[in-house]
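Notes follow once the structure below has been shown.
For the single chain, residues carry numbers from 1 onward in sequence order.
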Amino acid sequence: MAKHKEPNFYESVQRNFDRAAALTSLPKGLLAQIREVNSVYQMRFPVKIGKEYKVIEAYRAQHSHHRSPTKGGIRYSQKVNQQEVMALASLMTYKCALVDVPFGGAKGGVKISPRDYTAAQLESITRRYTTELIKKNFIGPGVDVPAPDYGTGAREMAWIFDTYSVFVGGIDAAACVTGKPVQQNGIRGRGEATGRGVYYGIREVLADRELMDSINMTTGTEGKTIALQGLGNVGYHAGTICTKEGGMKVISVAEYEGAIYTESGIDLDKLVKHRKRSGSILNFPGAENLEQRKMTLEVDCDVLIPAALENQIRKDNAKKIKAKIIAEAANGPTTADAEEILLKKNKIIIPDMYLNAGGVTVSYFEWLKNLSHMRFGRMDKRFDENTYLNIVNLIERKTSKPISAHEKMMVARGAEEIDLVRSGLEETMVTAYNQIRGIMKRRKKVTDLRTAAFISALNKISSDYISMGVFP
């Protein structure tokens, strides 16, 4: 008998799509259009590294043009390939639709390990990659807008912005890419956005009494334990915010060099400092080293947060997962085969296309800021502050009860850009979750969050196509 082959990332996305599509009444032709990737640009370009030239393999996939521009991050990883960027681009389309962000999905990848290159060499690679995108009209404020992903960050986005400005320019050039440094037309709160969105999503699930009753768990975030795979930007912020704002406790962390565990909880800020000093999360004071890094996935905890790469939870290890909730901070961490096993074990999977949508949501805010050429809060902050202060002073006079200057400013403070960004992100995540749960409650055959999320996204995308007159 032939050995069963685990589905790759793209195949898992397509299987999840098909499962949800079968529960809709949408026309088959429309579903076929939504399902497929519209275009993939595969490129190879030379970059001088030291005294030699190296040929770099890279991609940019645009999954859907039902909304413009297309939107999606750029990852730098030695594992980058065409099916991966196609899968990620597909997820971006569904993700944007799910959280009502008016973009089509896209994704880029450069097949390199950033650790193998100096900052100057990474800059050369990034600028050349951007030049290739410009040549084929695969980047622009109204065309395709990249963002950070695994292996990239604000620095790389600044290089992309500068390269685009030199070659194309224009008053809206800053909107060609998001995730830029704040001082270079970025937005406050973008760095933490995906991790903060993860927290909001977990909080909503843990507040859902019906779902919590189904897995015999109490509601609320306070005291819940977390196993965290990945201490990059997403993992760090997700774990930190869950701890500081949700009262949760991180008991295990895994990174590429290994994994650690302690029942008493791990301070992620101290762990990051320890890693910078020693070069590893291992031998962290008060924690034990686990034999293998994959053991973090199998820790007995309330919430498992895979925040690394795809296909981490597979058929061969799904049965070992003890967490009651799998919160997919990464893209595609659970294969389709593994999901079937986990659902049969009565686990709740908070799907990636919903849970990590915080990044694209705040990228949308940054894009709007760049196009409007105005910082959020600039026009109304002082007006709101003065209005609130007048109300507080009136109450103070009417009640004859004095209020301290500190208390007045706490009550009367106008919203800064970061406040508005966080508020908008929270509203987005709460609204999207309610829409997902609404589908589950209305349709008895929809029994998991991922299928409900796909149906919600497909309904919105199909409405766009129909309104365009593409399908009657």
Side-chain angles (χ1 to χ4, degrees), residues 12-13 16 19-20 91 94-95 98-99 193-221 224-230 234-235 237-239 241-242 245-246 248 250 297 299 301-308 310-313 318 321-336 338-361 425-426 428-441 446-457:
S12 286
V13 171
N16 291 329
R19 184 174 63 188
L91 280 177
Y94 311 137
K95 187 182 303 182
L98 183 63
V99 295
T194 306
R196 179 166 288 280
V198 168
Y199 165 65
Y200 290 145
I202 292 172
R203 186 193 67 186
E204 291 306 299
V205 170
L206 287 172
D208 191 326
R209 184 171 297 278
E210 185 179 349
L211 274 189
M212 292 304 96
D213 286 346
S214 72
I215 58 171
N216 297 315
M217 183 182 284
T218 59
T219 56
T221 58
K224 298 296 192 299
T225 55
I226 295 171
L228 179 63
Q229 185 202 36
V234 177
H237 285 295
I241 296 169
C242 282
E245 297 186 22
M248 303 175 78
V250 177
L297 296 171
V299 164
C301 61
D302 297 313
V303 182
L304 169 62
I305 304 180
E310 64 270 7
N311 291 359
Q312 299 299 299
I313 303 174
I321 304 296
K322 299 182 184 71
K324 293 181 179 179
I325 299 172
I326 296 88
E328 296 184 333
N331 286 305
T334 310
T335 69
E339 177 150 8
E340 290 179 6
I341 295 170
L342 292 170
L343 293 177
K344 287 178 181 177
K345 290 181 65 181
N346 198 33
K347 308 291 186 183
I348 291 175
I349 301 173
I350 313 178
D352 49 3
M353 60 186 288
Y354 162 67
L355 195 64
N356 64 30
V360 74
T361 299
L425 173 56
E426 183 176 16
T428 298
M429 295 302 291
V430 171
T431 300
Y433 182 73
N434 289 335
Q435 291 172 351
I436 292 169
R437 285 293 284 135
I439 288 172
M440 289 182 70
K441 290 174 181 178
V446 181
T447 57
D448 65 280
L449 293 172
R450 191 188 312 277
T451 301
F454 260 102
I455 291 173
S456 178

Nearest heavy-atom contact between Arg209 and Thr219 is CA-CG2, 3.7 Å
Nearest 0.5 angstrom please: Thr334 OG1 to Leu297 CG, how far?
9.5 Å
In terms of heavy-atom contacts, Ala193 and Leu425 come closest through O-CD2, 3.6 Å
Atom pair NZ/CD1 of Lys345 and Ile215 - distance to nearest 0.5 Å
13.0 Å
Can you check whether Lys322's main-chain N or O pairs, donor with acceptor, with Lys347's side chain at less than 3.5 Å?
yes
Ile349 vs Asp448, side-chain contact (heavy atoms from CB on, under 4.5 Å): CA-CA, chis, key distance, verdict
CA-CA 8 Å; Ile349 301 173; Asp448 65 280; over 6 Å; no
Look up atom OG1 in Thr451 and atom CG in Leu343, then write down how far apart they are to the nearest 0.5 Å.
8.0 Å
Rounded to the nearest 0.5 Å, how far does CE of Met353 lie from OG of Ser456?
7.5 Å
pair Arg196-Glu245: side-chain heavy atoms closer than 4.5 Å:
yes
Arg203 and Tyr199 side chains, donor-acceptor separation under 3.5 Å
no
Before accepting this row, confirm whether a basic side-chain N of the pair Glu339/Arg19 lies closer than 4.0 Å to the acidic partner's carboxylate O.
yes
Is Arg437 salt-bridged to Glu210, cutoff N-O under 4.0 Å?
yes
If I compare all heavy atoms of Gly201 with all of Ile350, which pair ends up nearest, and what's the gap?
O-CD1, 4.4 Å
Run the side-chain contact (heavy atoms from CB on, under 4.5 Å) check on Leu449 and Tyr354 step by step: do they pass?
CA-CA 9 Å; Leu449 293 172; Tyr354 162 67; over 6 Å; no
Audit row: Ile325, Met217, side-chain contact (heavy atoms from CB on, under 4.5 Å) steps and yes/no
CA-CA 10 Å; Ile325 299 172; Met217 183 182 284; 4.0 Å; yes
Over all atoms of both residues, closest heavy-atom pair of Ala308 and Ala330:
O-CB, 3.3 Å
Is there a side-chain contact between Glu328 and Asn356, using heavy atoms and a 4.5 Å cut-off?
no
Just wondering, do Glu204 and Ile436 contact through their side chains at under 4.5 Å, heavy atoms?
no
Working to the nearest 0.5 angstrom, can you tell me the gap between Lys324 NZ and Thr225 OG1?
9.5 Å
What's the verdict on side-chain contact (heavy atoms from CB on, under 4.5 Å) for Glu310 and Asn331, showing C-alpha distance, side-chain angles and the deciding distance?
CA-CA 6 Å; Glu310 64 270 7; Asn331 286 305; 5.8 Å; no
Val250 versus Cys242: any side-chain heavy-atom pair under 4.5 Å?
no
Taking all non-hydrogen atoms of both residues into account, name the closest pair between Leu342 and Ala318 and its distance.
CD2-O, 3.6 Å
Side chains of Ile226 and Ile202, heavy atoms from C-beta outward: is any pair under 4.5 Å?
no
As an exercise, state the distance from CG of Asp213 to OG1 of Thr218, rounded to the nearest 0.5 Å.
10.0 Å
Side-chain heavy-atom pair Ile313, Leu304 within 4.5 angstrom cut-off:
yes
Tyr433 (side chain) donor-acceptor with Leu355 (main chain) under 3.5 angstrom
no
Is it the case that the side chain of Lys224 and the backbone of Leu206 share a donor-acceptor pair, with hydrogens and angles ignored and the cut-off at 3.5 Å?
no
So, the side chain of Asn346 versus the backbone of Ser214: is there a donor-acceptor pair under 3.5 Å, distance only?
yes
Heavy-atom pair with the smallest gap, counting every atom of Pro306 and Ala327:
CD-O, 3.1 Å
